[in-house]
Colleague: 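Please find one structure pasted underneath; my questions will follow.
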Amino acid sequence: MPTKKVAIIGAGPVGLAAAAHVLERGMTPIVLEAGPEAGHSIRQWQHVQLFSPWEYNVDKAAARLLEPTGWNSPDPAIYPTGTELLERYIEPLATKTALRDVIRTSSRVTAVGRVGFDKAKTRGREAAPFEIRYQNGKGPEALRADAVIDVSGAWSSPNPAGSGGLTAIGEPEAAAQISYGMPDVLGKERARFAGKTVAVLGAGHSAIGTLIDLATLAQQVPGTRPIWLLRGTNPAKAFGGGANDKLVARGELGTHFAAIVASGQVLVETGFPVTTISQSDGRLRIATSSACCGRSIVADELVVATGFRPDLSFLGEIRLRLDPAIEAPVALAPLIDPNEHSCGTVRPHGARELTQDDPGFYLAGMKSYGRAPTFLMITGYEQVRSIAADLAGDREAAERVELELPETGVCNRGGLEGGVLAGCCGGPAPASVEACCAADASAKAAGKSGCGCS
Ligand SMILES: Cc1cc2nc3c(=O)[nH]c(=O)nc-3n(C[C@H](O)[C@H](O)[C@H](O)COP(=O)(O)OP(=O)(O)OC[C@H]3O[C@@H](n4cnc5c(N)ncnc54)[C@H](O)[C@@H]3O)c2cc1C
């Protein structure tokens, strides 16, 4: 019997883990990666310190492939940067193990379908192999496979600045002064931001991390002015779960940022859904025109950190069943819907939730979360373990739950709700300090009257 051929779209951490599990199950993986090297998306944010320690960043099947190569597994308690994640894990995995022979770099997938079956054609469809078209600079290429795991992430399709999900009016025209995601403010893009007024739009970890870096830059280069633009009205919601976050570094990030905000190093504009961006005298005028209170600010640069959305453009011939709001597989979406909960306590899930109406096609990794923001690598590793088991016909292993995920400590539902909604930020204050929350305690320790929470 020929072995099953499994096409894997994307050589990010979850794509490589998928290839390791597929290989371990005796099947043949082929990984198509758009970038020139594995881990291409991580290379765009490699200056960032991860908030998950090594314990959560290494896939078990990948570690088993690495062990015989003389790989030294990193200390599980240490938090790597993106660069360290690449150098100590992704690169050796992609270049020193059997995966080396199955990764095709500079190969961007442009379309996926089923041979001889357009999307509308049903009878016999399940038996048809998949056809994956890709571009590698040498002309159009096509590959046939028995199954496809799309782990192409979402990094290259960031959400726009516009508050309604559409680009803000004038956003494309101002592109030269707008960055998306997490620019390297203290490193290679320092000159772009030093001494400038920089507005950062968003309330997630990327926005917070960029604002912390800008506050550091402001101490080094006079004239640097960070402005935080928030669509919502409660900045405390962005400060996270503090000491309650099971990922300590993630909790500390929010608490540290709360103290920076409390000390006035960042100008905060709340209730600022961006509608229009215009240019005058080389500067940006960023405006909100909400019904009650239209206003604008002027900045030299805008960083848009409003999250990501999946690129579904090359899946037009695949029968997908996605949640219309979250754009995640329908069985997964209710578990991660940010309208409903933000704990990060998604229950482990795998093949059953991720399979699509086209049998043999799966979404996994960051892409499987659609527009939801709480994805962790370790969630993806569990997803692809289960998918590989499913493809190998091992239903028992595919269904088995092998993962307990760390909570953020900030839940819209459950124990902390009252505290967070009342304006407490960064989680509870240490027992020994008289303060309403962790950020309040930090502000008081810095000689301020408090963080302003109620
Ligand atoms: C700034 C930042 C910090 C993060 N920090 C953490 C953290 O501390 N801990 C944690 O667990 N998670 C973290 N995450 C979330 C997430 O775990 C990472 O984004 C992780 O890289 C996702 O892995 P992935 O393999 O699903 O996708 P990606 O790493 O995005 O990899 C997808 C790959 O697919 C390729 N690709 C895209 N389109 C195509 C195509 N059409 N054809 C072929 N290849 C394609 C890309 O080039 C890329 O190499 C962070 C995310 C960001 C953005």
Colleague: Counting only heavy atoms not in R319, do more than 12 sit closer than 6.0 Å to its CZ atom?
Modeller: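 More than 12 within 6.0 Å, yes.
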Colleague: Mind running salt bridge (charged side-chain N to carboxylate O under 4.0 Å, His left out) on D146 and K4 for me, showing each step along the way?
Modeller: CA-CA 6 Å; D146 303 297; K4 247 187 194 167; over 6 Å; no
Colleague: Which label fits Y89 and W54: parallel for a plane angle under 30°, tilted from 30 to 60°, or perpendicular past 60°?
Modeller: perpendicular
Colleague: Taking all atoms of both residues into account, what is the closest heavy-atom pair of E327 and L322, and its distance?
Modeller: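 It is O-CD1, 4.1 Å.
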Colleague: Tell me whether E382 contacts the main-chain N or O of G350 through its side chain, where contact means a donor paired with an acceptor under 3.5 Å.
Modeller: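 Answer holds: no.
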Colleague: CZ of R43 to CG of L85: how many Å apart, nearest 0.5 Å?
Modeller: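 Going from the CZ atom of R43 to the CG atom of L85 covers 10.0 Å.
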Colleague: What distance separates L267 CG from W228 CH2, expressed to the nearest 0.5 Å?
Modeller: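 These two atoms lie 12.0 Å from each other.
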Colleague: Roughly how far, to the nearest 0.5 Å, is CZ of R64 from CG of D59?
Modeller: 7.5 Å
Colleague: Heavy atoms, side chains only, cut-off 4.5 Å: are Q383 and S368 in contact?
Modeller: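 Yes, their side chains come closer than 4.5 Å.
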Colleague: Hey, is CZ on R352 packed in by over 12 heavy atoms from elsewhere, all under 6.0 Å?
Modeller: no
Colleague: What are the two closest non-hydrogen atoms of D323 and A325, and how far apart are they?
Modeller: OD2-N, 2.9 Å
Colleague: Counting only heavy atoms not in R321 (residues, nucleotides, ligands), do more than 12 fall under 6.0 Å from its CZ?
Modeller: no
Colleague: Kindly give the heavy-atom pair with the smallest separation between V109 and Y134, and that separation in Å.
Modeller: CA-CB, 3.8 Å
Colleague: Answer yes or no: is there a side-chain heavy-atom contact under 4.5 Å between T97 and W71?
Modeller: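 No - every pair of side-chain heavy atoms lies 4.5 Å or more apart.
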Colleague: Which heavy-atom pair separates A397 from R25 by the least distance, and what is that distance?
Modeller: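 Smallest heavy-atom distance, with atoms named: CB-NH2, 3.5 Å.
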Colleague: Using 0.5 Å steps for rounding, measure from the CD atom of E84 to the CG atom of L50.
Modeller: 9.5 Å
Colleague: Do you see a donor-acceptor pair shorter than 3.5 Å between the side chains of S152 and K367?
Modeller: yes
Colleague: From D150 CG over to I8 CD1, what is the distance, rounded to the nearest 0.5 angstrom?
Modeller: 11.0 Å
Colleague: Testing the basics here: between E24 and A61, what is the closest heavy-atom pair and its distance to 0.1 Å?
Modeller: OE1-CB, 3.7 Å
Colleague: In Å, rounded to the nearest 0.5 Å, how long is the span from CD1 of I277 to CD of E171?
Modeller: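 Result: 5.0 Å between the selected atoms.
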Colleague: Is there a donor-acceptor contact under 3.5 Å linking the side chains of S52 and N57?
Modeller: yes
Colleague: Over 60° means perpendicular and under 30° means parallel, so classify the ring planes of Y369 and F375, tilted if in between.
Modeller: perpendicular
Colleague: If I compare all heavy atoms of P53 with all of P76, which pair ends up nearest, and what's the gap?
Modeller: CB-O, 3.3 Å
